[in-house]
Asks: 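Can you keep this structure in mind? I'll have questions shortly.
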Amino acid sequence: MSIYDTLNPEQKRAVLHDKGPLLILAGAGSGKTRVLTHRIAYLIEHRNVNPWNILAVTFTNKAAREMKERVDQIVGYGSESIWVSTFHSTCVRILRRFIDRIGYERSFSIYDTDDSKTLIREVCKYLEIDTKRISERSILGAISKAKDELITPEEFEKSVSGDYMLKKQAEAYKEYQKRLKASNALDFDDLIVKTVELFMKDKEALTFYQNRFRYIMVDEYQDTNTAQFRLIHLLASGINEEGEKEYNLCVVGDDDQSIYKFRGANIQNILNFEKAFVGTNVIKLEQNYRSTKSILDAANEVIANNIGRKDKALWTDNDKGEPVSYTLFESDLDEADSIISEIKRTVENNNASYNDYAILYRTNAQSRIFEEKLILKNIPYRIIGSVNFYARKEIKDILAYLKTIDNGLDNIAVKRIINVPRRGIGLTTIDKVNDYALLNEMSFYEALTRAASIPGLERTASKIIPFVSMIEGLRTQLYQENYDLTELIDDVLEASGYLKDLEAEGSDEANDRISNIDELINKLVTYVEGAEEEPTLSGFLEEVALVSDIDNLDESTDNIVLMTLHSAKGLEFPYVYVCGMEEGVFPSYMSIYADNPQEEIEEERRLCYVGITRAMKSLSLSAAKHRMLRGETLYNKPSRFIHEIPRYLMKINMPEKDFLTSFASKNTSPFSEYRQSQRDYKPFVAPEPKNIAGSNIGTLSYGVGDNVKHIKFGIGKVTDIIMGGKDYEVTVDFPKFGTKKLIASFAKLTPMD
DNA sequence: ACGCCGACCGTCCGA
DNA sequence: CGGTCGGCGT
């Protein structure tokens with residue numbers, strides 16, 4: 001009996017697939033990680049593939065780490081030479097070696113979103129862009145979108161015609177990119193873009209990696225953007241010994257779990273994979289090993305409302321389990337309170353432990369209310385993602401010191417710390433130095449070194465010089481032999497006076513900051529001790545830049561975990577609570593009022609599908625009749641996604657008639673009718689209660705008077721709904737086809753808003 | 001140069 | 001609501 005005998009037939013086919021492109025459509029919980037790891041093992045042990053020739057790309061460090069561990073457990077030898085890493089780390093590794101070929105220095109900095117924001121702010125100021133009219137946010141969004149699509153500043157500029165806003169965005173993109181280059185820095189998107197650029201411009205570098213990566217696996221393929229697709233395509237297009245292109249590319253994904261369109265994910269990458277790679281083998285993994293029947297059925301029913309999916313049907317041999325629970329609370333406070341009390345009760349009755357639970361929500365802001373209750377009740381918890389450790393001020397400050405030492409061209413880093421702690425160097429001084437630097441085409445830091453000769457700085461030069469010599473001193477130390485990186489951070493804290501200032505302050509907040517800095521020191525020590533190669537300052541800084549909060553999730557700690565639905569992708573929990581299931585919250589109002597609501601709502605629905613399929617044993621959904629958002633009370637009706645789950649799969653914790661009428665209640669959004677109604681007040685008239693009788697066969701998403709769409713008859717108006725035996729009979733007036741009586745479950749009528 | 005305070009504002013998801 | 005920014009006084 002071999003390890004491959006434990007696989008189901010489809011899994012086995014995927015694992016034993018030999019050469020050529022392979023697309024694995026892996027439904028939620030269908031054991032895709034298992035397939036990937038076994039496939040790697042199979043290639044090494046039975047196809048004599050050198051582990052060195054395998055590249056596996058994931059989206060998070062956590063996924064990469066887990067894959068490494070699992071491969072290690074089943075492969076006899078050589079697992080350490082398999083290259084398993086995220087898109088971004090893969091690119092950084094490649095660029096650290098070859099980026100000088102496209103005109104950057106190999107010690108480049110990586111800018112995070114904060115740095116990008118600071119930079120674009122400078123750019124807007126320089127270009128005199130009125131950020132009231134064109135927000136920095138929208139410019140950054142446009143730049144990021146362009147980069148995701150591999151559009152250069154020059155191409156962007158050419159593509160815009162008369163539109164003022166686009167013209168300004170093009171200008172800003174150009175200047176932004178120029179300044180990144182001057183700072184020898186890459187933003188997150190650049191990591192991919194510049195690697196593609198390198199491969200396009202330098203055949204030698206490309207061939208080097210094509211020869212190295214003979215077998216490529218990509219996880220979560222549905223979330224790749226155009227740039228990432230291009231990267232993978234380039235890498236996989238190597239020539240084998242026989243002079244042929246083999247495309248030994250195996251991608252795993254699920255179009256139903258594509259939830260990152262907003263950051264450029266291109267669903268066509270998975271939908272058109274077979275066209276992009278001729279001769280693709282497609283394997284569907286449709287057996288779910290994770291969830292109960294009830295949970296899986298609910299997920300299937302919800303996602304069935306999306307059109308244009310790859311055809312697949314997830315099933316399970318698992319027990320039916322408990323029905324999905326749904327509760328409509330009075331308020332967000334009740335919701336949080338009740339969910340936490342319920343968890344506490346179950347855990348205290350020894351029926352589960354805290355780390356069996358996840359509370360999922362649409363937006364990070366929703367975590368606060370839970371956190372307050374959890375602290376109050378003294379329950380251990382962990383919130384993923386709300387405030388990234390590395391986004392904290394004190395951490396960013398210390399890192400800026402390290403970046404300045406590492407890459408003096410990094411203007412954002414230097415400017416951040418030039419007056420932190422206070423050295424009496426104010427804005428006017430900084431502006432003068434900056435002007436001088438721009439005029440003489442040098443970095444901000446270099447201008448600082450010449451402060452004494454900058455006109456108008458005769459007085460403040462005396463404050464700048466000690467700063468420069470401090471940095472120089474630290475830098476010299478760094479290049480000494482046997483100098484330990486962990487000493488450097490201590491020296492920075494000491495020489496800058498940063499720690500002394502905090503200690504002198506003595507407030508709770510200052511003490512918090514000190515312990516955060518201690519934590520950063522710990523991370524540096526861990527890095528130095530665990531580094532695979534010689535630990536370097538650049539190495540530490542890039543590890544820090546590319547880490548996400550989810551990477552540090554430790555499932556063995558006995559905590560309730562709270563996170564967004566996005567962060568939960570790829571995870572599973574015995575008990576899952578999805579809260580805030582209200583129109584305007586989930587699906588978000590942004591999607592409801594978007595230019596293309598159909599498309600955006602479908603993405604929200606996929607997110608809902610992801611949420612539901614995280615649950616193994618029990619799934620609880622909840623909504624609140626009203627909740628507080630930015631100091632305003634909103635009245636939202638329950639989410640359409642609740643409505644899309646058939647009634648028979650749910651246990652509803654309220655009277656049936658309240659459940660049915662709740663969907664007809666008023667929805668107030670701060671961005672549309674609500675604000676408007678405050679200005680020109682119209683008394684609110686409740687909509688007619690929908691003509692739906694209580695039943696156990698599911699509810700309709702439309703009522704009498706609504707416009708609905710029929711696949712053949714088009715749009716019509718519902719004039720009557722009657723209960724007929726075990727189904728609804730719906731009467732609809734179609735302008736072109738007249739009045740039709742339709743059976744609801746067959747007719748598939750979709751409501752028009 | 002810097003700290004305080006009130007006005008204003010923006011609203012999601014994330015490596 | 002909570003963060004940021006700009007004006008003002010020291």
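Numbers restart at 1 for each chain; the letters A, B, ... are given by sequence-line order, proteins then strands. As a basis for the values below, the full set of heavy atoms in this structure was taken, side chains included, without hydrogen atoms, waters or symmetry mates.
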Asks: Before giving the answer on ring pair (Phe, Tyr, Trp, His ring centres under 6.0 Å), spell out for A/His566 and A/Phe262 the whole-Å C-alpha distance, their side-chain angles and the decisive distance to 0.1 Å.
Replies: CA-CA 12 Å; A/His566 281 91; A/Phe262 73 92; 5.6 Å; yes
Asks: B/dG14, OP1 or OP2 - any side-chain N/O from A/Asn364 closer than 4.0 Å?
Replies: yes
Asks: Looking at A/Arg382 and A/Asp549, is any side-chain nitrogen of the basic one under 4.0 Å from a carboxylate oxygen of the acidic one?
Replies: yes
Asks: From the list B/dG14, B/dC12, B/dA1, which nucleotide is the closest neighbour of the side chain of A/Thr460?
Replies: B/dA1
Asks: May I ask you to say whether A/Arg605 pairs ionically with A/Glu600, meaning some side-chain N is under 4.0 Å from a carboxylate O?
Replies: no
Asks: How is A/Thr86 classified with respect to the nucleic acid when contacts are heavy atoms under 4.0 Å: base, sugar-phosphate, or nothing?
Replies: nothing
Asks: Let's see if you get this right: which residues in residues 598-612 of chain A place a heavy atom under 4.0 Å from DNA chain B?
Replies: none
Asks: Could you run through nucleotides 2-10 of chain C and give me one letter per nucleotide, 5' to 3': B if any protein heavy atom sits under 4.0 Å from the base, S if only the sugar-phosphate is that close, - if neither?
Replies: S--S-----
Asks: Under 4.0 Å, heavy atoms only, any strand: does A/Asn61 hit a base, just the sugar-phosphate, or nothing?
Replies: nothing
Asks: Please tell me whether A/Ser107 and A/Asn407 have a donor and an acceptor in their side chains that are separated by less than 3.5 angstrom.
Replies: no
Asks: Would you indicate, yes or no, if B/dG14 has its OP1 or OP2 atom less than 4.0 angstrom from a side-chain nitrogen or oxygen of A/Ser567?
Replies: yes
Asks: If only side-chain N and O atoms of A/Thr564 are considered, is one of them under 4.0 Å from the OP1 or OP2 phosphate oxygen of B/dC13?
Replies: no
Asks: For the NZ atom of A/Lys147 and the CG atom of A/Leu191, what is their distance to the nearest 0.5 Å?
Replies: 9.5 Å
Asks: If pairs are Watson-Crick or G-U with both distances under 3.5 Å, what is the dot-bracket string of DNA chain B, marking crossing pairs with [ ] and pairs to another strand with |?
Replies: ||||||||||.....
Asks: What contact category does A/Ser135 fall into here, base, sugar-phosphate, or nothing, at under 4.0 angstrom with non-hydrogen atoms?
Replies: nothing
Asks: Considering only NZ, NE, NH1 and NH2 on the basic side and carboxylate oxygens on the acidic side, decide whether A/Lys396 and A/Asp112 come within less than 4.0 Å.
Replies: yes
Asks: Counting side-chain heavy atoms from CB outward, which of B/dA1, B/dC13, B/dA15 is closest to A/Arg362?
Replies: B/dC13
Asks: Below 4.0 angstrom, N of the basic side chain to O of the carboxylate: do A/Glu122 and A/Lys125 qualify?
Replies: no
Asks: If you define the side chain from C-beta out and look only at heavy atoms, does anything of A/Leu150 sit under 4.5 Å from A/Arg230?
Replies: yes
Asks: Locate the shortest heavy-atom distance separating A/Tyr209 from A/Arg93; write the atom from each residue and the value.
Replies: OH-O, 4.4 Å
Asks: Would A/Phe262 pass as stacked on B/dC13, i.e. its ring centre under 5.5 Å from the base's six-membered ring centre and planes under 30° apart?
Replies: yes
Asks: Ignoring backbone atoms, test whether A/Arg422 places a side-chain nitrogen or oxygen under 4.0 Å from the OP1 or OP2 oxygen of B/dG3.
Replies: yes
Asks: If only side-chain N and O atoms count, and only distance matters, is there a donor-acceptor pair under 3.5 Å linking A/Glu583 with A/Asn636?
Replies: no
Asks: Classify A/Thr113 by what it touches in the nucleic acid, base, sugar-phosphate, or nothing, heavy-atom distance under 4.0 Å.
Replies: base
Asks: Classify A/Asp112 by what it touches in the nucleic acid, base, sugar-phosphate, or nothing, heavy-atom distance under 4.0 Å.
Replies: nothing
Asks: Let me see the working for A/Glu136 and A/Arg121 under side chain to side chain contact (heavy atoms under 4.5 Å, CB included), right down to the final yes or no.
Replies: CA-CA 7 Å; A/Glu136 287 150 359; A/Arg121 199 170 294 161; 3.3 Å; yes
Asks: Using a strict cut-off of less than 4.0 Å between a Lys/Arg side-chain nitrogen and an Asp/Glu carboxylate oxygen, indicate whether A/Arg640 and A/Glu644 qualify as a salt bridge.
Replies: no
Asks: Would you kindly give the CG-to-C1' distance between A/Asp114 and B/dA15, to the nearest whole Å?
Replies: 14 Å
